[in-house]
Amino acid sequence: MAADRETGDEVFVLWHARHLIVDEDGRTAHRDPDGEMHLDEEEWRILGIFTDEAAAEAQRGVSRKLPGFLDEPDCFEISPLVLDEDMWTDGYFTEYPEGHQQN
């Protein structure tokens, strides 16, 4: 039960990246030349938050077979997340396209 969890407990977030970059040959770029997931132009989706990594891995296996994910089966990421931890301690900055800066 969530009420029984302690501060600092870890959960596992299952993400999927839908890539928006297209190579010159018309194929979607999923990985950088070094094999790392391409992280420049993508749209991230959270598929679920799980209490252990094995459950997140099991869901990744199921999701790989679903429409929309089937085309990008290697673009899943599981990341640990510590509950009750402030992750935005420095705030953030939004970079707008030239001529669209907001005041």
Side-chain angles (χ1 to χ4, degrees):
M1 290 172 59
D4 295 337
R5 297 189 74 83
E6 294 184 26
T7 299
D9 279 350
E10 190 173 62
V11 294
F12 296 86
V13 183
L14 175 60
W15 300 84
H16 183 264
R18 176 177 167 260
H19 292 91
L20 307 174
I21 290 290
V22 177
D23 288 332
E24 290 179 14
D25 62 4
R27 293 184 302 161
T28 302
H30 299 279
R31 301 275 171 179
D32 290 329
D34 63 0
E36 293 295 314
M37 191 179 302
H38 183 68
L39 298 175
D40 287 339
E41 297 269 342
E42 73 284 331
E43 174 182 275
W44 286 93
R45 304 172 182 134
I46 295 177
L47 278 71
I49 301 173
F50 301 88
T51 56
D52 62 62
E53 193 168 7
E57 288 283 357
Q59 184 58 49
R60 176 183 1 207
V62 170
S63 295
R64 279 186 168 150
K65 300 172 187 170
L66 297 174
F69 302 121
L70 184 65
D71 296 335
E72 297 183 295
D74 297 322
C75 297
F76 289 89
E77 187 76 27
I78 295 174
S79 57
L81 179 69
V82 176
L83 297 176
D84 299 324
E85 178 181 67
D86 183 2
M87 298 174 62
W88 289 82
T89 58
D90 293 331
Y92 69 92
F93 172 79
T94 301
E95 186 174 335
Y96 296 94
E98 188 174 327
H100 296 291
Q101 185 70 26
Q102 296 182 354
N103 295 332

From CA spacing to verdict: side-chain contact (heavy atoms from CB on, under 4.5 Å), M87, L81: CA-CA 10 Å; M87 298 174 62; L81 179 69; 3.2 Å; yes
Pairwise side-chain contact, L83 with V11, heavy-atom cut-off 4.5 Å (strictly under): yes
With A58 via side chain to side chain contact (heavy atoms under 4.5 Å, CB included) - residues at least two apart: none
For I46, all residues meeting side chain to side chain contact (heavy atoms under 4.5 Å, CB included), sequence neighbours excluded: V13, W15, I49
Atom CG of D90 with >12 non-hydrogen neighbours under 6.0 angstrom: no
Minimum-distance pair of heavy atoms, taken over all atoms of H16 and E72: NE2-O, 3.0 Å
Ring pair (Phe, Tyr, Trp, His ring centres under 6.0 Å) involving F12 - partner list, sequence neighbours excluded: none
Residues that T89 engages under side-chain hydrogen bond (donor to acceptor under 3.5 Å, both in side chains), provided they are two or more places apart: none
For E57, salt bridge (charged side-chain N to carboxylate O under 4.0 Å, His left out) partners two or more places apart: R60
Sequence neighbours left out, cut at 3.5 Å: what donor-acceptor pairs do the side chains of residues 61-68 make with other protein atoms?
residue: S63; atom: OG; partner: Q59; partner atom: O; Å: 3.1
residue: S63; atom: OG; partner: Q59; partner atom: NE2; Å: 3.0
residue: R64; atom: NE; partner: P73; partner atom: O; Å: 2.7

Nearest-0.5 Å distance that lies between atom CZ in F76 and atom CG in L47: 6.0 Å
Spacing of L14 atom CG and E53 atom CD [to the nearest 0.5 Å]: 11.0 Å
